[in-house]
**Q** 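Input: one structure, supplied below.
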Amino acid sequence: MERQQLSDLTIFAEVARAKGFRAAASRLNLQAGSISEAVQRFEDRLGVRLFERSTRSVALTAAGERLYSRSLPALSDLEVAIQELDEAKDVIAGTLKLSAPYSAGPFFLDRLIMKFAEVHPDVQVELIYDDAKVDLVTSGIDAAIRSHTLLEQDTHAVPIGPDLKMALVASPDYLSEKGMPKKPDDLLDHDGIFFAFGNSGNVAPWTFRDEGGPRVINAKQRVIINNLRSMVALAANGLGLAYLYEAAAKEAIKQGKLVSLFEDEVPELPRYSLNYRTKRHMPLRLRAFIDFAKQLSADQKAD
């Protein structure tokens, strides 16, 4: 059914229900003339007369009675559906679909989702961990957790999670065998374990502070891998130096399996961002998640 036909059917049903054009016009907040024109247009399209009209009354014809009795249940269901949609605007419920890189989970996102689910039990969270960049338009997700380098133009982004402190690490055995680098430039002669972004083939660069600004100095690519835990394990077993999030290597450093190098020269990266397309008609569940993530990040910084 075309949109105009549905509109005319709705007007027809309201005239039948109100038993008059003026009463229907008042209920629909339209002009009586517009109501009369819509009914006449509907009759012309169907090729039957739906109402008997006089100067004092309006009554359904036999054809009108049949159409009204058959269409009323469907229109009533439609009204209920629209009412439920309207009521849902004020309810934090439904399915919240998110996409995030694997690295965000152990750092903060698993904890964030757990706490959010406790506060909003009527929201079903569908979280897909994938290092590949997803399309915010075609994927059907509500928002994506991303690094600052993967944010899309003409979208909104809210920083969430902790500061991303980086670290350059190596095992004592590796340093004993290959020698201790004295400055970042020495890394050119060392083996490196590099982080790859999913299946994209993009490798995270090794960035260091320099008097002239950030500077990329990469070691030789011995291993390229997309798993932080594996990077820690390979580095701890002496395969090479690894440049990764400090939080991922913290326990191994504490146990003496890894040594942190050039701590003053290794910078912090910008925090992750919650990336979404528009604020217009935003589902209440997404607004609640954004506010919750911002508040939790603020509380963590205060601690």
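As a basis for the values below, the full set of heavy atoms in this structure was taken, side chains included, without hydrogen atoms, waters or symmetry mates.
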**Q** Can you confirm whether I160 sits close enough to F108 that some side-chain heavy atom of one is under 4.5 Å from a side-chain heavy atom of the other?
**A** yes
**Q** Does V266 offer a backbone N or O that forms a donor-acceptor pair with the side chain of R209 under 3.5 Å?
**A** yes
**Q** Test your reading of the model: is there a side-chain donor-acceptor pair from S26 to the backbone of R22, 3.5 Å cut-off?
**A** no
**Q** Does atom CD of Q40 have more than 12 heavy-atom neighbours from other groups under 6.0 Å away?
**A** no
**Q** Considering only heavy atoms from C-beta outward, does the side chain of M180 approach that of L261 to under 4.5 Å?
**A** yes
**Q** I'd like to know if the side chain of T61 and the backbone of R49 have a donor-acceptor N/O pair within less than 3.5 Å.
**A** yes
**Q** So which atom in F116 and which in R285 form the shortest heavy-atom distance, rounded to 0.1 Å?
**A** CZ-O, 4.0 Å
**Q** Heavy atoms only: give me the nearest L239-R222 pair and the separation to one decimal.
**A** O-NH1, 3.3 Å
**Q** State, yes or no, whether a side-chain contact exists between L67 and F42 at a heavy-atom distance under 4.5 Å.
**A** yes
**Q** Answer yes or no: is there a donor N or O on one side and an acceptor on the other, between the side chain of D130 and the main chain of A100, under 3.5 Å?
**A** no
**Q** Side chains of S171 and N237: closer than 4.5 Å at any heavy-atom pair?
**A** no
**Q** Show, in sequence, the C-alpha distance, side-chain angles and deciding distance for F289 and H120, and conclude whether the ring-ring contact (aromatic ring centres under 6.0 Å, His included) test is met.
**A** CA-CA 9 Å; F289 183 74; H120 299 288; 9.4 Å; no
**Q** Of the non-hydrogen atoms in Q221 and I224, which two are nearest, and what is the gap between them?
**A** OE1-CD1, 3.2 Å
**Q** Taking E246 for its side chain and A167 for its backbone only, find out whether a donor-acceptor pair lies under 3.5 Å.
**A** no
**Q** Please verify the inter-ring angle class for W206 with F194; under 30° counts as parallel, over 60° as perpendicular, anything in between as tilted.
**A** parallel
**Q** Would a single hydrophobic cluster contain both Y102 and I128, if residues Ile, Leu, Val, Met, Phe, Trp and Tyr are joined by side-chain heavy-atom contacts under 4.5 Å?
**A** no
**Q** Determine the minimum heavy-atom distance between A25 and Q31, stating which atoms define it.
**A** CB-C, 3.9 Å
**Q** Is the ring pair F208/F262 parallel, tilted or perpendicular, if the boundaries are 30 and 60 degrees?
**A** perpendicular
**Q** Would you say that M231 contacts Y243 through its side chain, given a criterion of any heavy-atom pair below 4.5 Å between the two side chains?
**A** no
**Q** Could you check I113, L127, I141, L286 and say which one makes a side-chain contact (heavy atoms from CB on, under 4.5 Å) with L96?
**A** L286
**Q** For the hydrophobic clusters of this structure (ILVMFWY residues joined by side-chain heavy atoms under 4.5 Å, transitively), does one cluster hold both V119 and I92?
**A** yes
**Q** Could you walk me through whether V39 and R53 pass side chain to side chain contact (heavy atoms under 4.5 Å, CB included), step by step?
**A** CA-CA 12 Å; V39 170; R53 304 165 175 82; 3.3 Å; yes
**Q** Looking only at non-hydrogen atoms, find the nearest pair between P106 and D110 and report the distance.
**A** N-OD2, 3.9 Å
**Q** How many angstroms lie between CG in L274 and CG in L98, if you round to the nearest 0.5 Å?
**A** 7.0 Å
**Q** Rounded to the nearest 0.5 Å, what separates atom CG in L168 from atom OG1 in T207?
**A** 11.5 Å
**Q** Between K183 and D186 (salt bridge meaning N to carboxylate O under 4.0 Å), is one present in this structure?
**A** yes
**Q** Going from OG on S273 to CD1 on I145, what distance comes out if it is rounded to the nearest 0.5 angstrom?
**A** 10.0 Å
**Q** First locate atom CE of M166, then atom CG of L244, and finally report the distance between them rounded to the nearest 0.5 Å.
**A** 6.5 Å
**Q** Can you confirm whether R229 is buried at CZ, in the sense that more than 12 heavy atoms of other residues, nucleotides or ligands lie under 6.0 Å from that atom?
**A** no
**Q** Okay, side chain of D142, backbone of K97: is any donor-acceptor separation there less than 3.5 Å?
**A** yes
**Q** Can you name the residues that form a salt bridge (charged side-chain N to carboxylate O under 4.0 Å, His left out) with D185, not counting sequence neighbours?
**A** R215
**Q** With a 3.5 Å distance limit and no angle check, can you tell me whether Y174 reaches the backbone of D191 through a side-chain donor-acceptor pair?
**A** yes
**Q** Taking the basic N atoms (NZ, or NE/NH1/NH2) and the acidic carboxylate oxygens, is any pair closer than 4.0 Å for K254 and E251?
**A** no
**Q** Hey, could you give me the NZ/OG distance between K250 and S260, rounded to the nearest 0.5 Å?
**A** 12.0 Å
**Q** To the closest 0.5 Å, what do you measure between CD1 (I217) and CD (E265)?
**A** 9.0 Å
**Q** Please give me the minimum heavy-atom distance between Y272 and S103, naming the atom from each residue.
**A** OH-OG, 2.6 Å
**Q** Do F195 and I225 come within less than 4.5 Å of each other through their side chains, counting heavy atoms only?
**A** no
**Q** Spell out, as yes or no, whether a donor-acceptor pair under 3.5 Å connects the side chain of D163 to the backbone of K165.
**A** no
